[in-house]
K.L.:
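Questions regarding the structure given below will be posed in turn.
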There are 2 protein chains.
Amino acid sequence: MILKSQVEWALHCCAILAGLPDGSYLSTKALAELHGLPKEYLSKALQSLSQASLVETTLGPSGGYRLARPSSEISFLDIVEAVEGKARSFTCTNIRENNPCRPAGYCDSKPCAVARVMWEADEAWRNTLRRVRLSDLVDTLSEEVPPDIWRSTFEWVLKRAG
Amino acid sequence: MILKSQVEWALHCCAILAGLPDGSYLSTKALAELHGLPKEYLSKALQSLSQASLVETTLGPSGGYRLARPSSEISFLDIVEAVEGKARSFTCTNIRENNPCRPAGYCDSKPCAVARVMWEADEAWRNTLRRVRLSDLVDTLSEEVPPDIWRSTFEWVLKRAG
DNA sequence: GAATTAAGGATATATGTTATCCGCGAATGG
DNA sequence: CCATTCGCGGATAACATATATCCTTAATTC
Ligand code: FES
Ligand code: FES
């Protein structure tokens with residue numbers, strides 16, 4: 001069980017978009033250069049964010065992406081699910097139905113106890129991600145990233161934002 | 001992010017092994033028939049359990065698998081990690097190092113804030129699985145599975161256990 | 001009109017999952 | 001001793017998914 005690397009990309013890109021001034025956009029090209037990522041493939045991740053209505057886009061020169069909502073109203077889970085999908089990590093294939101001792105046509109009243117535990121763990125994972133807002137991440141980063149790097153990064157970004 | 005189907009298989013097999021009388025073994029063949037699974041491939045999952053020292057094996061006719069510890073001392077996490085591996089679901093590829101605004105040779109003091117949140121969620125998932133014991137599963141199943149199916153299943157199993 | 005952009009389709013490659021087959025050595029039962 | 005039954009590990013193939021690139025289209029800017 002491994003998450004796509006696109007998850008890391010999308011989270012970092014959203015953190016950058018959260019720091020943009022209102023009304024300006026940042027292009028895939030800039031985000032790819034900033035993070036050293038393949039532009040074409042990063043574009044797929046950003047499209048996922050767009051389809052999930054987490055970001056808005058505009059075309060043409062000075063076009064690109066911006067957040068569709070304030071960063072305090074976007075959770076880690078929103079971003080992770082946009083890229084990774086909302087499907088649960090554990091899928092029950094109902095192997096209990098193959099038990100040869102079962103009467104034919106017997107129908108279970110509940111989902112399997114095994115699956116319920118696995119789904120509970122999945123929910124715990126999602127709840128953790130649900131509780132962390134994008135704005136929390138930006139707060140943490142602005143504390144931890146050395147001020148000169150933080151500043152020069154946003155100068156770099158603003159130079160390319162439309 | 002999706003778990004292997006072997007996880008479902010291993011958990012169900014362990015639940016059966018937990019119901020075996022002391023000292024007896026159950027073969028891959030029996031476990032595969034009981035759950036309608038490909039014998040050869042299920043064998044790989046059981047080998048993983050064996051390598052993790054969750055089960056003990058013996059060879060020859062009347063050989064097979066049994067739990068290496070009481071079911072109250074085996075957690076869901078033990079079983080899931082045996083099959084799925086202990087690696088975290090999120091791997092940080094350090095894309096922050098590619099920031100062109102970074103001074104060359106700058107070294108981060110902490111893991112990235114993004115990764116820390118993802119790892120925290122991973123821990124929440126593992127903690128949920130850690131808290132559930134195999135014996136808890138057996139208790140739940142013995143309550144929920146209709147008594148006649150439960151009984152005939154173990155008759156079926158005992159007939160094949162060595 | 002020329003340049004730039006996001007979007008989406010097609011395609012290729014790498015990796016991981018699922019599955020099967022085989023041979024080995026150990027244990028059992030006759 | 002011998003045939004059978006096992007777990008174990010290696011090799012291999014089929015299939016799905018993740019990663020990556022390329023191309024076309026339509027919208028936007030200047
Ligand atoms: S049958 Fe699917 S988890 Fe039990
Ligand atoms: S650099 Fe890997 S999660 Fe931030």
Side-chain angles (χ1 to χ4, degrees), chain A residues 1-10 13 17 23-33 35-68 80 82-85 87 89-91 93 95 160-162, chain B residues 1-10 13 17 23-33 35-66 68 82-85 87 89-91 93 95 160-162:
Chain A
M1 181 190 60
I2 203 135
L3 292 167
K4 328 191 202 198
S5 53
Q6 284 192 343
V7 170
E8 184 183 8
W9 305 359
C13 287
L17 294 181
S24 72
Y25 294 85
L26 194 61
S27 69
T28 307
K29 182 157 172 276
L31 287 167
E33 279 178 23
H35 297 110
L37 301 174
K39 180 168 94 74
E40 321 279 351
Y41 191 38
L42 172 63
S43 165
K44 303 295 183 186
L46 298 172
Q47 283 174 42
S48 298
L49 296 178
S50 175
Q51 283 167 1
S53 301
L54 298 180
V55 299
E56 292 170 345
T57 67
T58 193
L59 293 179
S62 82
Y65 296 88
R66 72 178 176 199
L67 294 185
V80 171
V83 167
E84 192 65 32
S89 58
F90 179 88
T91 55
T93 61
I95 60 177
R160 285 154 181 88
Chain B
M1 182 190 60
I2 203 134
L3 293 167
K4 326 192 205 196
S5 53
Q6 285 192 344
V7 170
E8 185 184 7
W9 306 358
C13 287
L17 294 182
S24 73
Y25 294 86
L26 194 61
S27 70
T28 307
K29 181 157 172 275
L31 287 167
E33 279 178 24
H35 297 112
L37 301 174
K39 179 169 93 75
E40 321 277 352
Y41 190 37
L42 172 62
S43 164
K44 303 295 183 186
L46 298 172
Q47 283 173 43
S48 299
L49 296 178
S50 175
Q51 283 166 1
S53 300
L54 298 180
V55 299
E56 292 171 344
T57 66
T58 193
L59 294 178
S62 82
Y65 296 88
R66 71 177 177 199
V83 167
E84 192 64 33
S89 59
F90 179 88
T91 55
T93 61
I95 60 177
R160 286 156 181 86

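Excluded from the calculations below are hydrogen atoms, water molecules and symmetry mates; all remaining heavy atoms, backbone and side chain alike, are included. Residue numbering restarts at 1 for every chain, and letters A, B, ... go by the order of the sequence lines.
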K.L.:
For B:Thr58 and D:dC6, is the shortest distance between a side-chain N/O and OP1 or OP2 below 4.0 Å?
P.N.:
no
K.L.:
Should the side chain of B:Lys44 and the base of D:dG10 be counted as holding a donor-acceptor pair, with the cut-off at 3.5 Å?
P.N.:
yes
K.L.:
Between atom NZ in A:Lys39 and atom C1' in D:dC22, what is the gap in whole Å?
P.N.:
11 Å
K.L.:
Consider the side chain of A:Pro38, meaning its heavy atoms from C-beta on, and name the nucleotide among D:dT21, C:dA27, C:dT5 that approaches it most closely.
P.N.:
D:dT21
K.L.:
Once you round to the nearest 0.5 Å, how far does CG of B:Leu31 lie from CG of B:Leu46?
P.N.:
6.0 Å
K.L.:
D:dC8, OP1 or OP2 - any side-chain N/O from B:Tyr65 closer than 4.0 Å?
P.N.:
yes
K.L.:
For A:Ser43, which contact category applies under a 4.0 Å heavy-atom criterion: base, sugar-phosphate, or nothing?
P.N.:
nothing
K.L.:
With rounding to the nearest 0.5 Å, note down the distance linking OG in B:Ser27 to CD in B:Glu33.
P.N.:
8.0 Å
K.L.:
Mind checking whether A:Phe90 and B:Ser5 have side chains closer than 4.5 Å, heavy atoms only?
P.N.:
no
K.L.:
Below 4.0 angstrom from OP1 or OP2 of D:dG7, is there any side-chain N or O of B:Thr28?
P.N.:
yes
K.L.:
Has B:Gln47 got a side-chain N or O lying under 4.0 Å from the OP1 or OP2 atom of D:dG9?
P.N.:
yes
K.L.:
Just to be sure I understand the rule, does B:Gly162 reach a base, reach only the sugar-phosphate, or reach nothing, if contact means heavy atoms closer than 4.0 Å?
P.N.:
nothing
K.L.:
D:dG7, C:dA6, C:dT20: which one has an atom nearest the side-chain heavy atoms of B:Thr57?
P.N.:
D:dG7
K.L.:
Choose from D:dA20, C:dT20, D:dC6 the nucleotide whose nearest atom is closest to any side-chain atom of B:Tyr41.
P.N.:
C:dT20
K.L.:
Rounded to the nearest angstrom, tell me the gap between atom CZ in B:Arg66 and atom P in D:dC6.
P.N.:
17 Å
K.L.:
Could you tell me the separation between the CG atom of A:Leu42 and the C1' atom of C:dA7, rounded to a whole number of Å?
P.N.:
14 Å
K.L.:
Of all the nucleotides listed (C:dT17, C:dA3, C:dT28), which has the minimum atom distance to the side chain of B:Ser62?
P.N.:
C:dT28
K.L.:
Between A:Leu26 and A:Ile2, who's closer to the 5' end of DNA chain C by nearest nucleotide?
P.N.:
A:Leu26
K.L.:
Nearest to the side chain of A:Pro61, which nucleotide is it out of C:dT4, C:dT28, C:dT5?
P.N.:
C:dT4
K.L.:
Any side-chain N or O of B:Gln51 under 4.0 Å from OP1/OP2 of D:dC8?
P.N.:
no
K.L.:
How long is the line joining CD of B:Gln6 and C1' of D:dA16, in whole Å?
P.N.:
15 Å
K.L.:
Check whether the side chains of B:Ser48 and B:Gln6 place a donor and an acceptor atom closer than 3.5 Å, and report yes or no.
P.N.:
no
K.L.:
Whether the side chain of B:Glu84 engages the backbone of B:Val7 through a donor-acceptor N/O pair (distance < 3.5 Å, no angle test) should be reported.
P.N.:
no
K.L.:
From the options A:Leu17, A:Leu26, A:Thr58, select the one residue that forms a side chain to side chain contact (heavy atoms under 4.5 Å, CB included) with A:Tyr65.
P.N.:
A:Leu17
K.L.:
Closest approach to the side chain of B:Glu40, judged atom by atom: which nucleotide of C:dC22, D:dC8, D:dC6 is it?
P.N.:
C:dC22
K.L.:
Side-chain N or O of B:Ser50 less than 4.0 angstrom from OP1 or OP2 on D:dG7?
P.N.:
no
K.L.:
May I ask you to say what A:Glu56 touches in the nucleic acid, namely base, sugar-phosphate or nothing, with a heavy-atom cut-off under 4.0 Å?
P.N.:
nothing
